[in-house]
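Written out below as structure tokens is the structure these notes cover.
Just so it is clear: chains get the letters A, B, ... in the order the sequence lines come, proteins before strands, and each one is counted from 1.
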Amino acid sequence: MADYAPVDLTAEGQVEFELNGRKVTAPAGTMLVDAAFAHGVEVPIFCYEPRLGPPVGACRMCLVEVEGMRGLQTACSTPVQPDMVVRTTSELAKDGQDGVLEFLLENHPLDCPVCDKGGECPLQDRTFRFGPGKTRFVEPKRHFPKPLDLSSLIAIDRERCIQCWRCVRFSQDVAEDKLLVMEDRGAGSVVATLTGDQYVGRFTGNVIDLCPVGALTSIPYRFRARPWDIRNTPSVCGHCPCGCNVELTEREGAVQRVTGRPDPNYAVEEGWLSDLCRFAYAGNDGPDRLRAPAIRDEGRVKEAQLDEAVDAAALVLGRGGKVGILVGPRATVEEGFLAQELARAALPGALVQRLGIPGAGLEAIRSQPAAQLGDIDGADLVVVVGGDPGEQQGIVELRVRKARRRGATVVTVGPRPHGLEGLGTAVRSEPGRLAAALEALELPAAERMIVLWDEADLAAEPDAAGALARLAGERGARQIELGLDVNGAGLRALGMGATEVLDAARRGEIDTLLTIHADPLDGPGGPEWGWALGRVRARVAIASFASTLTESSTVTIPASTHYETEGVYVSMNGRAQRLRPVTAGPEASAPGWEILIALMHRLGAPPPYRTAAATFAAAAAARPALAGLDYDALGVLGAPVAGVAPVSPNGVNGPREPAGTGLPLVTTTRMFGGADAYRAEALAWVRTGAELVLNPAEGARLGLADGARARLRSPFGECALPVRLDPAHPAGAAFATTGVPEAGVERLLPADRGPVRVEIEVVG
Amino acid sequence: MTVEEIRAHIDPIRHEFAEARSLILPALKFAQTEKGHLTREDLEAVGEATGFSAAYVESVASFYDRLYLRPTGERVVSVCVTLSCMLRGADELLEHVCEREGLPHDGGTSEDGRITVQEVQCLGYCDRAPCVQVDAEETRGPLSLDDADALLEELRSSPRPERLWR
Ligand code: FES
Ligand code: FES
């Protein structure tokens with residue numbers, strides 16, 4: 001984990017001081033440890049972690065000698081002063097550091113070959129580099145029952161704990177879930193939860209990364225590997241559109257662990273991950289993973305070799321008739337671009353579209369100056385419009401909480417109650433009346449205002465998007481899109497629209513459909529798609545997981561997941577970042593972009609490049625929104641894309657007025673409710689099902705009690721859900737959870753996720 | 001104890017504390033008067049009344065020797081085990097008392113519910129080490145093993161307290 005805060009040695013207001021006999025400078029107020037590190041001097045630390053807020057000086061590891069001050073000082077909590085004379089390696093300082101380490105190891109069991117952190121453990125490293133080399137303690141060490149489960153994901157080995165408070169501070173001050181505390185005192189102090197309850201939250205896994213010893217470890221990873229037989233690769237999370245930077249651990253060809261980066265990306269996630277990001281990897285090898293290509297011939301399914309499947313696909317696509325290509329939200333920029341190239345060069349007249357929200361009415365707000373997630377920290381006014389960021393774009397919540405702690409005012413406007421509402425002023429808008437709420441919004445004066453807006457909510461209400469754009473323009477605010485699709489922004493940057501394939505298929509104009517990581521039947525508008533696809537003659541699916549679609553496709557080609565492929569994702573707020581493969585995936589699978597290149601070869605239009613890097617370069621040269629981006633220069637931290645993605649002219653929105661009769665439907669996806677969480681065994685215990693939430697008054701009106709089962713019907717489809725009555729949810733709307741595979745709330749929605757009304761009745 | 005009762009108790013004294021979290025202590029102390037110890041529900045109620053998480057409230061409660069997270073007997077004997085007392089035989093004293101009451105070596109409550117023994121950190125009576133405190137009222141020391149026997153005798157023969165000291 002990041003230990004020292006980055007220091008800008010060229011900033012204004014530097015003070016000069018002496019460090020180990022050298023004259024150096026650092027910005028006034030910098031903590032000594034950080035200033036020293038910036039000048040190449042490492043002062044050992046344990047409890048210090050700049051991202052946790054002000055230092056607490058709990059472990060005393062960072063003792064240094066400061067001339068004129070009696071006794072040794074903790075460098076983590078001493079800011080640099082002009083003309084200060086600091087010695088970090090003098091005999092006195094060394095003696096202090098030795099003493100602290102000797103003391104910390106008094107009870108630490110030194111079971112390094114057993115401990116999961118052995119080999120990655122700051123305590124071990126610092127003992128070697130700074131420790132005394134021997135100890136005077138000969139007494140037996142303490143023993144505790146081990147390990148105890150803090151939750152089903154995190155184990156605690158109490159005798160290893162050095163009480164640095166990092167995990168407790170994370171829970172109290174960063175995630176603000178307030179669940180972890182230090183209980184009892186003195187020698188009896190232990191990290192604990194309320195009378196042993198599970199530590200359940202959305203960001204709990206970060207305490208594993210934070211623990212500088214092996215006291216907190218990941219249960220799914222425990223004893224899976226040792227640091228010397230794993231390979232770590234920096235990549236990007238593909239489970240939500242935030243684009244969090246992760247490190248992937250591989251052993252024996254499988255992803256074994258996902259952690260935050262040792263050098264965090266401060267512009268995005270700052271090293272914190274949501275538990276979905278961290279633990280969903282287990283689903284990568286889940287039972288629904290496609291492992292073998294399949295060719296369907298007159299109702300009979302034949303398993304095939306990869307090559308045969310690509311041949312068959314080329315045959316199907318190339319036999320004339322109009323081809324529709326549907327690119328799903330998980331496809332990389334390269335895959336999207338190759339799909340377009342395939343259509344252009346080999347399949348004349350083919351339509352290439354993405355599966356997602358059309359959002360033609362969103363240009364106004366999208367074209368306002370964009371901010372990076374990291375900019376939220378420094379805002380003094382954060383306005384959240386629509387959505388449920390804590391659940392849908394998890395990491396955003398930590399950023400907003402941090403801004404609030406630093407004094408920012410938080411205002412939320414939207415139809416559904418959510419976790420960020422409690423951070424400031426909440427304005428509840430009627431469903432479908434966001435524009436009115438925005439027009440009437442009164443905001444305090446602010447110099448640095450940031451607007452976070454939900455893609456789906458605003459796409460459904462273009463007037464609101466316009467109103468918000470005006471507001472942002474007047475106030476000089478920067479905006480961040482709370483997108484819903486992992487690489488939706490990347491596909492938009494390629495100029496892909498989102499409705500035409502469906503329209504054409506409905507009209508019976510599509511003969512063959514090629515889907516790339518796209519799963520229209522199980523998503524919003526499933527029934528609509530089902531009807532439209534009934535008119536399509538053949539389907540070729542390039543997909544990683546089995547779905548209703550792949551079960552009936554003419555040809556199915558297993559594709560790599562985001563853990564297994566190279567390429568670029570553009571995060572919801574426009575940051576292009578590179579995926580790096582950490583494993584090869586099932587033997588008979590291949591990265592989607594390779595499959596597409598192979599298809600182009602078979603169809604007689606070989607592209608003049610054969611790597612992901614070259615594909616990206618071609619895309620950047622051809623698409624203005626990607627101009628200036630260089631694959632290599634994206635490095636491990638990525639870069640913001642140049643401008644707003646132009647929206648293809650065919651990207652018209654759905655009906656403005658909600659379709660249907662009854663109550664307007666307001667949907668949210670829960671962090672542990674989507675298909676990714678369902679795939680991962682490790683998250684089974686926190687899985688949230690789908691439910692219909694109603695205000696008790698609505699419940700009474702409809703004759704629905706808490707726990708009853710209700711049938712919801714919209715013009716597009718129907719589904720049945722358990723009912724929960726909750727006074728925090730306003731009357732006049734029905735709230736339902738999307739994403740849960742077996743619940744199928746998506747069936748109620750039109751394909752463009754536009755507004756709808758639902759009729760509700762009791763089942764049975 | 002209910003949130004309302006705790007609120008009614010702390011609202012009038014709220015102004016005495018510069019920091020809201022300082023209210024947790026008086027609230028806990030008050031909550032404990034009902035049963036003589038704090039249940040999970042009490043911790044949750046105190047949390048709600050003071051605006052802190054129940055886990056945080058428990059961490060405060062677990063820090064103080066006179067807040068009990070488990071039921072106690074009628075009288076509580078606290079044996080100091082900090083350095084001065086330890087050097088003057090606190091360990092032996094504790095062991096002796098526990099043995100006499102049939103308790104595990106780190107204390108507990110006697111079977112008849114009359115006496116709870118616990119170890120505590122420094123009682124501020126170092127000059128009279130080793131020492132014990134009875135309930136919240138009286139600190140005695142230096143205490144020989146015979147003195148301890150006499151003390152336990154005395155506590156057992158005294159009438160059951162009408163109301164627990166807390
Ligand atoms: S790192 Fe400075 S006291 Fe812990
Ligand atoms: S050490 Fe026992 S009273 Fe101070």
Side-chain angles (χ1 to χ4, degrees), chain A residues 53-54 56 58 103 106 139-140 142-145 148-151 154 156 158 161 163-204 207 216 401 404-405 419 422-423, chain B residues 19-21 24-25 27-28 31-32 35 37-71 78-86 90-91 94 104-108 118-124 126:
Chain A
V56 289
F103 180 66
E106 184 193 351
E139 292 77 11
R142 294 204 292 171
H143 293 278
F144 287 89
L148 295 171
D149 294 349
L150 220 43
S151 72
I154 304 168
I156 182 164
R158 287 210 155 118
C161 174
Q163 286 156 23
C164 68
W165 288 78
R166 278 183 172 194
C167 54
V168 173
R169 292 169 67 208
F170 177 81
S171 162
Q172 296 286 328
D173 302 341
V174 179
E176 299 181 15
D177 56 41
K178 315 257 181 209
L179 294 174
L180 285 189
V181 287
M182 201 64 96
E183 230 173 56
D184 289 332
R185 67 169 150 175
S189 275
V190 288
V191 170
T193 51
L194 176 65
T195 59
D197 286 359
Q198 294 232 27
Y199 178 35
V200 191
R202 274 168 286 147
F203 306 100
T204 63
V207 302
L216 298 171
R401 286 187 183 277
R404 208 272 328 251
R405 285 195 300 278
L423 301 183
Chain B
E19 280 213 49
R21 61 180 176 161
I24 296 176
L25 267 187
L28 281 169
Q32 185 166 267
K35 290 179 282 299
H37 70 276
L38 296 157
T39 60
R40 181 191 174 108
E41 289 68 38
D42 293 326
L43 298 173
E44 279 164 358
V46 168
E48 201 172 329
T50 54
F52 289 84
S53 74
Y56 188 86
V57 171
E58 189 190 22
S59 80
V60 174
S62 69
F63 188 88
Y64 293 97
D65 293 324
R66 282 197 213 126
L67 293 169
Y68 300 101
L69 293 166
R70 237 167 270 118
S78 305
V79 184
C80 173
V81 293
T82 311
L83 192 65
S84 313
C85 289
M86 188 198 108
D91 289 349
L94 177 67
H105 67 95
D106 57 348
Q118 65 172 4
E119 48 178 85
V120 294
Q121 302 304 327
C122 188
L123 292 168
C126 311

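- Neither the backbone nor the side chain of A/Asp177 comes within contact range of chain B; no heavy atoms are under 4.5 Å apart.
- A 4.5 Å side-chain heavy-atom check between A/Lys178 and B/Tyr56 finds every atom pair outside the cut-off.
- Residues A/Asp184 and B/Ser62 come closest through the heavy atom pair N-OG, 2.7 Å.
- No more than 12 heavy atoms of other residues, nucleotides or ligands lie within 6.0 Å of CZ in B/Arg21, so this atom counts as exposed by the packing criterion.
- Taking CG from B/Leu69 and CD from A/Glu183, the interatomic distance works out to 7.0 Å, rounded to the nearest 0.5 Å.
- In A/Phe103, the CZ atom is not crowded: 12 or fewer heavy atoms of neighbouring residues, nucleotides or ligands sit closer than 6.0 Å.
- Other residues, nucleotides and ligands contribute over 12 non-hydrogen atoms within 6.0 Å of the CD atom of A/Gln198.
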Check your understanding: Taking it one step at a time, do B/Glu58 and A/Thr193 satisfy side chain to side chain contact (heavy atoms under 4.5 Å, CB included)?
Key -> CA-CA 9 Å; B/Glu58 189 190 22; A/Thr193 51; over 6 Å; no
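- Proximity of A/Met182 to B/Ser59: side-chain heavy atoms (C-beta onward) are nowhere separated by under 4.5 Å.
- In terms of heavy-atom proximity, B/Ala55 sits nearest to A/Leu179 at CB-O, 3.4 Å.
- Applying the 6.0 Å contact sphere to CZ of B/Arg40 captures more than 12 heavy atoms from other residues, nucleotides or ligands.
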